[in-house]
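To start, the structure itself, in structure tokens.
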Protein chains: 2
Amino acid sequence: MENGGERLRWGVRRRLEFIDFRLFWDGRFNRSDLSAAFAISAQQASADIAQYEKIASANLRYDRTEKAYIRTEAFAPAFIGETIERYLLQLVAIENRWMRPEDTWFDAIPPVEVITLGRRPTDPTVLLRVLDAIGKRQEIDIGYASLTGSVQPSRTIAPHALAHSAGRWYVRSWSKDHDDFRDYNLNRIATVSDHRPATIDPTLDFEWVHKINLDIRPNPELSTERQAAVAAEHGMTDGRLLRPCRLSLSFYLMSEYNLDVEPGVLKPEKQQIVLENRDEVTQARALSRQMSIEALARAASAASS
Amino acid sequence: MENGGERLRWGVRRRLEFIDFRLFWDGRFNRSDLSAAFAISAQQASADIAQYEKIASANLRYDRTEKAYIRTEAFAPAFIGETIERYLLQLVAIENRWMRPEDTWFDAIPPVEVITLGRRPTDPTVLLRVLDAIGKRQEIDIGYASLTGSVQPSRTIAPHALAHSAGRWYVRSWSKDHDDFRDYNLNRIATVSDHRPATIDPTLDFEWVHKINLDIRPNPELSTERQAAVAAEHGMTDGRLLRPCRLSLSFYLMSEYNLDVEPGVLKPEKQQIVLENRDEVTQARALSRQMSIEALARAASAASS
DNA sequence: CTATCGCGTCCATTTACTTGACGCGATACT
DNA sequence: AGTATCGCGTCAAGTAAATGGACGCGATAG
């Protein structure tokens, strides 16, 4: 039941996947659902259903009074397999208005509540230009939505990587105005105007290049029982979790889990994990940052001489 | 250039979308890319490319030395349109190992770094049983991974909704053991064994049913300038944001943004927004919870008499 | 300067899919 | 009752999609 035939044409396979999908999420589907979703004739839909029945006959039965195919108790996904997370993400995207329900296979959207403060959707053109600049090592002029709302006149940046944390997208870039490396919020870049070959070397971004192991442990102020629970939840071994992490990104992870707050300030429930080597991390970050700035200054003076 | 012909067969349309996709993300693609991705012949791939050129000729040109179709400056997505977020989410999913790269259209995964502590992937069977129970108003017996690692013997719950917050999935349910409504972490439900018609009324879950407006403002301890910035970032009007929210979910939102911390405890940068009506919210939540418990008790005694 | 590779295009053939028509069982209408 | 309707399944004939095979072309590698 697990493997859903390899020798099917791509299109047919997608339609059998659709059947699998609807059986999974709704427990039922129609011949007309199938023909509507793929704009195929009823006859073809019938043929596809017959095919699906050949492969996974135990998964469904037709109910004449319901006028629909109903999932059986024995149902086991034959096509969508382990890709459930994908659809869960789609639900989140739909609720956030990043995706239209028509672009998914959902019929009735399950009763899902997504709770977040949201963010601006990403502008395709901006993303494209940024990706290009990263791939081709270009510097670009961007219109950056200053946090006060107005769009600042162009700043020049040379982006070299994209990062995602806590639902936000960041562009790791060299900044011409400041002559150092910084993070720009992707969704705040309003426009990308010009592009030229980049002049700086992204490997000088030590804060990005260098990684460090975050030494994460349950908050010792929690009860022993609760500490064990936290350890289990994060898959710790021997009560600690070593999470390798770029220095510049450690900031976001620390921020997300309140690892950047002095122990004792927050109630332990608000700070279930703590960062054992917090000082080491912040110092390494500051040091790398300083080294980058100096390296950039040296590179600039070498170029001008 | 915007609309990409409606009268194409579904399969062909997907392949033109693929061309659009690869042009967008990689700036280039091959005939062999196309035939490999969809398991079609080279001839058919050629035909598809010709079709794409007919619709959006300005988007690409063939480079003989590169042996590939290259995106032009004038490129404007003709098929993938505004659904960029979808692919950004796929990148996150890939990095989190929730999705395999083969299940997406990405060739070279863009240099994306996803920073999170991760979570267990969702078990399809568990999700299916839970969704069923929600849709058919059933109560189920679950094996819940106690936080200490061991799987607790079965508890009975009657789930009635799914919620997502800060990357985690919750199942809002009535709990038989406690005779009240609680949240269960979906990824900690290890097994779902039996199911029976539910005996309780989910509308008694007042903490879920009742909504409240979270009155969110920039932290007044920030500089005026920075406050304006925060206001802009969250799309506030007149310096405040009213976010309607189920009482039970307000907990997660407050937790995510440190709205549940007393003002003054954290540095303002760690608490850029504050909840003006925090007391109102916590009181309303406690009250609703109490009302639910009493209503459930009344219902139980009425049923036994 | 020949071997190789990827593209484009001609052809005949196979397969997928459509349009059209008909019967069957379950529900809804009068 | 009877009859209209709807969704399913299927047979048959026609069309569009896709394949396998063959050939020429330009660019690159040895």
Side-chain angles (χ1 to χ4, degrees), chain A residues 4-23 26-72 79 107-108, chain B residues 4-23 26-72 79 107-108:
Chain A
E6 293 299 323
R7 323 203 160 276
L8 294 166
R9 285 242 179 122
W10 186 84
V12 184
R13 183 166 231 289
R14 285 292 104 76
R15 297 198 301 258
L16 298 192
E17 256 179 64
F18 175 85
I19 295 176
D20 226 30
F21 177 93
R22 281 291 174 91
L23 284 177
D26 296 340
R28 52 179 298 157
F29 78 99
N30 256 353
R31 184 173 70 162
S32 60
D33 289 339
L34 193 57
S35 59
F38 296 89
I40 56 173
S41 64
Q43 290 89 327
Q44 187 56 38
S46 277
D48 291 337
I49 297 169
Q51 184 114 32
Y52 184 89
E53 280 180 315
K54 232 182 279 174
I55 292 167
S57 52
N59 275 2
L60 76 177
R61 91 193 133 74
Y62 185 68
D63 186 318
R64 296 203 118 93
T65 63
E66 290 266 3
K67 296 200 177 200
Y69 292 87
I70 308 292
R71 166 179 9 113
T72 64
F79 290 89
D107 177 24
Chain B
E6 293 298 325
R7 322 204 160 275
L8 296 165
R9 283 231 185 134
W10 187 85
V12 184
R13 183 167 231 289
R14 285 292 105 76
R15 295 196 303 256
L16 298 192
E17 254 178 64
F18 175 84
I19 295 175
D20 226 30
F21 177 93
R22 280 290 174 93
L23 284 178
D26 296 341
R28 53 178 298 157
F29 77 98
N30 258 352
R31 185 174 69 166
S32 61
D33 288 341
L34 194 57
S35 58
F38 296 90
I40 56 173
S41 65
Q43 292 90 324
Q44 187 56 38
S46 277
D48 291 338
I49 296 169
Q51 183 112 34
Y52 184 88
E53 280 180 316
K54 232 182 281 176
I55 291 168
S57 51
N59 275 2
L60 75 176
R61 93 194 131 75
Y62 185 67
D63 187 319
R64 296 202 118 94
T65 63
E66 290 266 5
K67 295 201 177 199
Y69 292 87
I70 308 293
R71 171 189 351 125
T72 64
F79 290 89
D107 176 25

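Keep in mind it's a predicted model, so treat the numbers as computed, not measured. Each chain gets a letter, A, B and so on, in the order the sequences are listed, and its residues count up from 1. All heavy atoms count here, side chains included; hydrogens, waters and symmetry mates do not.
- For D:dG20, its base never sits under 3.5 Å from the side chain of B:Gln44 at any donor and acceptor pair.
- The CD1-P distance, from A:Ile40 to D:dG9, rounds to 13 Å in whole Å.
- Taking each heavy atom of B:Leu23 and B:Leu60 in turn, the nearest pair found is CD1-CB, 4.0 Å.
- B:Arg61 has its CZ atom 19 Å from the P atom of C:dG6, to the nearest Å.
- Rounded to the nearest 0.5 Å, atoms CZ (A:Arg71) and CG (A:Asp20) are 10.5 Å apart.
- Whole-Å rounding puts the A:Leu60 CG to D:dC8 P distance at 12 Å.
- Nucleic acid contact for A:Ala45: none, since no nucleic acid atom lies under 4.0 Å from a heavy atom of the residue.
- The separation between B:Arg9 atom CZ and D:dT15 atom P is 13 Å, rounded to whole Å.
- Whole-Å rounding puts the A:Arg31 CZ to C:dC17 P distance at 15 Å.
- The phosphate of C:dC17 has OP1 or OP2 within less than 4.0 Å of a side-chain N or O from A:Arg15.
- Under 4.0 angstrom from either OP1 or OP2 of C:dG8 there lies at least one side-chain N or O belonging to B:Ser46.
- Straight-line distance from the OH atom of B:Tyr62 to the P atom of C:dG8: 6 Å, rounded to whole Å.
- In this structure, A:Arg13 and A:Phe79 approach most closely via the heavy-atom pair NH1-CD2, 4.0 Å.
- Between the P atom of C:dT9 and the CG atom of B:Asp48 lies a distance of 13 Å, rounded to the nearest Å.
- Between the CZ atom of A:Phe38 and the P atom of C:dC17 there is a distance of 11 Å, rounded to whole Å.
- On a pure distance criterion of 3.5 Å, a polar donor-acceptor pair joins the side chain of B:Gln43 and the base of D:dG20.
- Among all heavy-atom pairs drawn from B:Ser35 and B:Ala42, the shortest one is CB-N, 4.4 Å.
- Every residue two or more places apart in sequence or in another chain that forms a side chain to side chain contact (heavy atoms under 4.5 Å, CB included) with B:Asp63 is listed here: B:Arg61, B:Thr65, B:Glu66, B:Ile70.
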Exercise for the section: Classify every nucleotide of nucleotides 23-30 of chain D by which part a protein heavy atom approaches to under 4.0 Å, writing B for the base, S for the sugar-phosphate alone and - for neither, in 5'-to-3' order. Expected result: ---SSS--
Practice task
Given side-chain contact (heavy atoms from CB on, under 4.5 Å), test A:Arg15 with A:Gln44 step by step and report yes or no.
Solution key: CA-CA 11 Å; A:Arg15 297 198 301 258; A:Gln44 187 56 38; 3.4 Å; yes
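- Between A:Asn30 and D:dC6, a side-chain N or O to OP1/OP2 separation shorter than 4.0 Å is absent.
- Atom-to-atom distance recorded for A:Phe18:CZ and A:Asp48:CG is 11.0 Å, nearest 0.5 angstrom.
- Residue contacts shown for A:Tyr69 are limited to sugar-phosphate atoms, with no base heavy atom under 4.0 Å away.
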